[in-house]
Every structure is written in C-alpha cells, then in structure tokens.
Asker: 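Just dropping this structure here.
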Amino acid sequence: MSVASALRLLLLAAIWGGSFIFTRIAANSLGPAYLIEARVFFAAISLFIVAIYLKKKLKFSANPKHFFMMGLFNSALPFFLFAYSAQTLNASTLSILNSTAAIWGAIIAFFWHKTPLTSKKMTGLVIGIIGVAVLVGWDAAKIGEGATSAIVAGIMAAFCYGLATNYAINAPKVSSFDNAHGSMWAATLLAIPLLPFIPIRETPTFEVATSVIALGVVCTALAYLIYFRLIQDIGASSTLSVTFLIPVFGILWGNLVLDEQIGWNTLIGALMVLSGTMLVTGFSITNLVKSRKQ
C-alpha cells in the first residue's frame with residue numbers, strides 16, 4: 001500500500017468516525033427525519049457537482065429499482081436509525097454499534113446466499129454479540145428506559161448495512177460513482193414522506209447547520225469518493241480494514257469534541273466487537289500485508 005492510500009484509509013476512518021459527532025450534535029434539534037433529509041440532499045448535490053466536473057451522466061431511469069434499494073438500505077434507513085439513536089446514545093456507542101455491520105452481513109449471507117458459517121465465524125459471532133451486550137447493557141442501565149429503543153435502532157441500522165452488502169452481490173452492475181450518486185438521490189426522495197410526521201424541534205443554530213452540511217458534503221459525498229478510490233487502488237479486502245478504525249476515531253472524537261467519558265464497558269465492548277468482526281470477516285494483519293504487496 002502506498003503512503004497516499006494509507007493516508008486515505010486513515011482519513012476515511014476519521015471522517016466516518018466523525019460522522020457520529022455531527023449526528024449527535026444535530027439530532028436533537030432537527031429530529032431524525034429532517035437531519036437525514038438534509039444529509040442525503042447535500043450529499044446528492046455535492047456528487048452532482050462532481051459528476052458535472054467529471055462529465056459523468058447519471059442514467060437513473062436505467063436502474064431505478066437498484067438505486068432505490070441501495071438508497072433505502074445503505075443510506076436513508078440506517079442514517080435515520082442512527083440519527084434516532086443519537087438523540088440518546090453517545091457517539092462512541094454509535095460508532096461501535098456501526099462496526100457490527102460485518103457480523104450482520106455474515107448472518108444474513110448464511111440465510112440469503114447459503115454461505116456457510118465456519119466454527120471461526122461462529123466464534124466471532126458469539127464474541128461480537130457478547131461485546132455488544134457489554135457495551136449497550138451498561139449504557140441501558142446508566143441512561144434508563146430511553147436507551148432501549150435507541151440501542152435497538154442502532155443495531156438495526158448496522159443490520160441494514162448487512163442487507164445492503166448482501167443485496168449488492170447480485171445487484172445490477174453499475175459503476176461505483178453512479179452507485180453513490182444514484183443512491184443519494186433515491187435516499188433523498190425516500191426520506192421526504194417522513195418530514196410531516198417528525199418535525200424540526202427548534203431553529204437550527206450555526207453549530208447544528210454546519211454539522212448537517214459537514215455530514216452531507218464531507219461524511220457522505222467525500223467519504224464515498226475516498227472509499228471507492230481505495231477499492232480501486234488497494235482492493236475491497238484491504239479497504240475493509242477501515243471497519244476496525246472507525247470506532248477508534250468515534251471514541252476519540254467523542255472524547256475530544258463532546259467530552260464523552262471513555263468507560264471500561266466502552267473499551268471492553270469495542271475490543272470484543274472488533275475481535276468478533278475480524279473472525280467473522282476473516283480479516284488478519286498478515287493477509288492485509290500480503291494483499292498490499294501484490
């Protein structure tokens with residue numbers, strides 16, 4: 001892996017880890033519906049501008065069902081669920097719950113594509129589930145009844161990413177950029193019906209407004225461009241290592257920006273979830289080094 005690719009990988013993890021900070025800042029003021037509508041809209045506009053610059057024409061009508069499927073399960077629904085969770089849970093917890101997406105992907109693949117669950121994967125699933133229990137069990141006891149629905153929503157958001165990953169296996173062959181661009185417009189349309197039912201709670205402050213713009217432009221549009229560039233440069237398996245870096249940055253930004261306390265349950269839960277995810281995905285430092293040399 002070149003120095004440039006390594007820096008992109010760290011940058012992507014830092015951006016996606018930071019997305020939970022911005023979500024946490026804006027969620028209570030805007031509510032999950034308007035927050036996510038704004039996020040995907042700013043992302044769609046940003047990618048549209050990039051498409052004009054690159055002279056890439058999006059043929060949305062050629063694969064509308066595909067774009068709506070990706071827009072729903074890879075953007076609109078998980079973003080909404082995480083925004084709902086962010087009204088109660090801290091950014092550290094959200095980033096760790098997000099990392100369980102690979103575990104959900106393996107479970108869904110077992111039922112959907114009949115992909116076998118080896119003993120190693122099963123061990124990883126058990127470790128990951130225990131890690132989540134350690135993490136959210138303590139948070140639920142500390143926060144109270146309001147934490148239960150938020151925790152479930154965060155877990156279901158990660159589940160959506162697992163669905164999207166498995167759907168993509170047999171999805172129509174669309175370029176990476178068009179996938180990102182088309183799914184953002186689809187997500188924008190999908191979020192609109194929620195707006196009348198979950199109104200804005202208060203006039204957005206400057207901090208909230210800038211957080212929303214950062215979520216859309218940086219944490220979604222720019223992050224997608226970096227992500228797909230990494231897949232092109234170093235391959236999907238090496239890019240997968242970003243999964244293990246996101247909680248590190250999520251916990252770090254949560255502590256530095258929002259002064260979130262790092263408890264023993266956060267560290268132990270994160271370690272168990274990441275260890276379980278490594279076992280489920282078959283990720284190892286040795287394989288990563290080999291893939292970088294090839």
Asker: Please evaluate residues Phe159 and Ile108 with respect to the criterion side-chain contact (heavy atoms from CB on, under 4.5 Å), reporting the C-alpha separation (whole Å), side-chain torsions for both, the decisive distance (0.1 Å), and the verdict.
Answerer: CA-CA 9 Å; Phe159 178 82; Ile108 294 169; 3.6 Å; yes
Asker: Are Leu47 and Tyr53 in one and the same hydrophobic cluster, where Ile, Leu, Val, Met, Phe, Trp and Tyr link if side-chain heavy atoms are under 4.5 Å apart?
Answerer: yes
Asker: Side chains of residues 66-78: which donor-acceptor pairs under 3.5 Å do they make with residues two or more places apart or in other chains?
Answerer:
unit_1: His66; atom_1: ND1; unit_2: Tyr167; atom_2: OH; d: 2.9
unit_1: His66; atom_1: NE2; unit_2: Asn179; atom_2: OD1; d: 2.6
unit_1: Asn74; atom_1: ND2; unit_2: Tyr224; atom_2: OH; d: 3.1

Asker: CZ/Phe82 to CG/Asn98 distance, rounded to the nearest 0.5 angstrom?
Answerer: 4.5 Å
Asker: Please report the interatomic distance CD1(Ile151) to CG(Leu94), rounded to the nearest 0.5 Å.
Answerer: 10.0 Å
Asker: Can you name the nearest heavy-atom pair linking Gly17 to Trp253, along with the distance?
Answerer: C-CD1, 3.7 Å
Asker: Return the minimal non-hydrogen interatomic distance between Val208 and Ala26, and the atom names on each side.
Answerer: CG1-CB, 3.9 Å
Asker: Do Leu7 and Leu11 come within less than 4.5 Å of each other through their side chains, counting heavy atoms only?
Answerer: no
Asker: If I compare all heavy atoms of Thr23 with all of Ala83, which pair ends up nearest, and what's the gap?
Answerer: CG2-CA, 3.7 Å
Asker: With sequence neighbours left out, what residues match Ile52 under side-chain contact (heavy atoms from CB on, under 4.5 Å)?
Answerer: Phe48
Asker: Pick from Leu215, Ile251, Thr93, Ile246: which one makes a side chain to side chain contact (heavy atoms under 4.5 Å, CB included) with Phe20?
Answerer: Ile246
Asker: Report the distance from atom CZ of Phe79 to atom CD1 of Ile36, rounding to the nearest 0.5 Å.
Answerer: 7.0 Å
Asker: Side-chain heavy atoms under 4.5 angstrom apart, residues restricted to Ile, Leu, Val, Met, Phe, Trp, Tyr: same cluster for Leu271 and Ile130?
Answerer: no
Asker: Applying a strict under-4.5 Å side-chain criterion to I, L, V, M, F, W and Y, I'd like to know whether Val174 and Ile169 cluster together.
Answerer: no
Asker: Which heavy atom of Phe22 sits nearest to which heavy atom of Cys219, and what is that distance?
Answerer: CD1-SG, 3.7 Å
Asker: Minimum heavy-atom separation for Pro32 and Phe80, please, with both atom names.
Answerer: CB-CE1, 3.6 Å
Asker: For residues 29-41, pull every pair meeting side-chain hydrogen bond (donor to acceptor under 3.5 Å, both in side chains), keeping only residues two or more places apart or in separate chains.
Answerer: Ser29-Glu202, Arg39-Thr220
Asker: Using the rule given for side-chain contact (heavy atoms from CB on, under 4.5 Å), can you reason through Leu125 versus Ile103, listing the C-alpha separation, both sets of side-chain angles and the distance that settles it, and then say yes or no?
Answerer: CA-CA 6 Å; Leu125 290 174; Ile103 294 176; 3.1 Å; yes
Asker: Hey, is the main chain of Trp16 close enough, under 3.5 Å, to the side chain of Ser19 for a donor-acceptor pair?
Answerer: yes
Asker: Report the C-alpha separation of Thr100 and Ile155 in whole Å, then their side-chain angles, then the decisive distance to 0.1 Å, and conclude whether the side-chain contact (heavy atoms from CB on, under 4.5 Å) test is met.
Answerer: CA-CA 8 Å; Thr100 65; Ile155 292 172; 5.5 Å; no
Asker: Hey, does the side chain of Ser175 reach the backbone of Asp178 with a donor-acceptor pair shorter than 3.5 angstrom?
Answerer: yes
Asker: Please test Leu89 against Leu97 for side-chain contact (heavy atoms from CB on, under 4.5 Å), starting from the C-alpha separation and ending with a verdict.
Answerer: CA-CA 11 Å; Leu89 303 179; Leu97 291 177; 4.1 Å; yes
Asker: With a 4.5 Å limit on heavy-atom distance, are the side chains of Cys160 and Leu81 in contact?
Answerer: yes
Asker: Any donor-acceptor pair under 3.5 Å linking the side chain of Trp104 with the backbone of Met156?
Answerer: no
Asker: Identify the two heavy atoms, one from Pro196 and one from Ile192, that lie closest to each other, and give their separation to 0.1 Å.
Answerer: CD-O, 3.7 Å
Asker: Would you find more than 12 non-hydrogen atoms of other residues, nucleotides or ligands less than 6.0 Å from Tyr161 atom OH?
Answerer: yes
Asker: With a 4.5 Å limit on heavy-atom distance, are the side chains of Val217 and Leu222 in contact?
Answerer: no
Asker: Linking I/L/V/M/F/W/Y whenever their side-chain heavy atoms sit closer than 4.5 Å, directly or via other members, would Phe206 and Ile25 fall into one cluster?
Answerer: no
Asker: Do you see a donor-acceptor pair shorter than 3.5 Å between the side chains of Tyr227 and Ser176?
Answerer: no
Asker: Treat each ILVMFWY residue as a node, draw an edge where side-chain heavy atoms are under 4.5 Å apart, and state whether Ile268 and Val248 are in one component.
Answerer: no
Asker: I need the Ile21 CD1 to Leu258 CG distance, nearest 0.5 Å.
Answerer: 4.5 Å
Asker: If you define the side chain from C-beta out and look only at heavy atoms, does anything of His113 sit under 4.5 Å from Asn170?
Answerer: yes
Asker: How long is the straight-line distance from OG of Ser95 back to CZ of Arg24, given to the nearest 0.5 Å?
Answerer: 12.5 Å
Asker: Hey, what do you get for CD (Gln87) to CG (Leu30), rounding to the nearest 0.5 Å?
Answerer: 10.0 Å
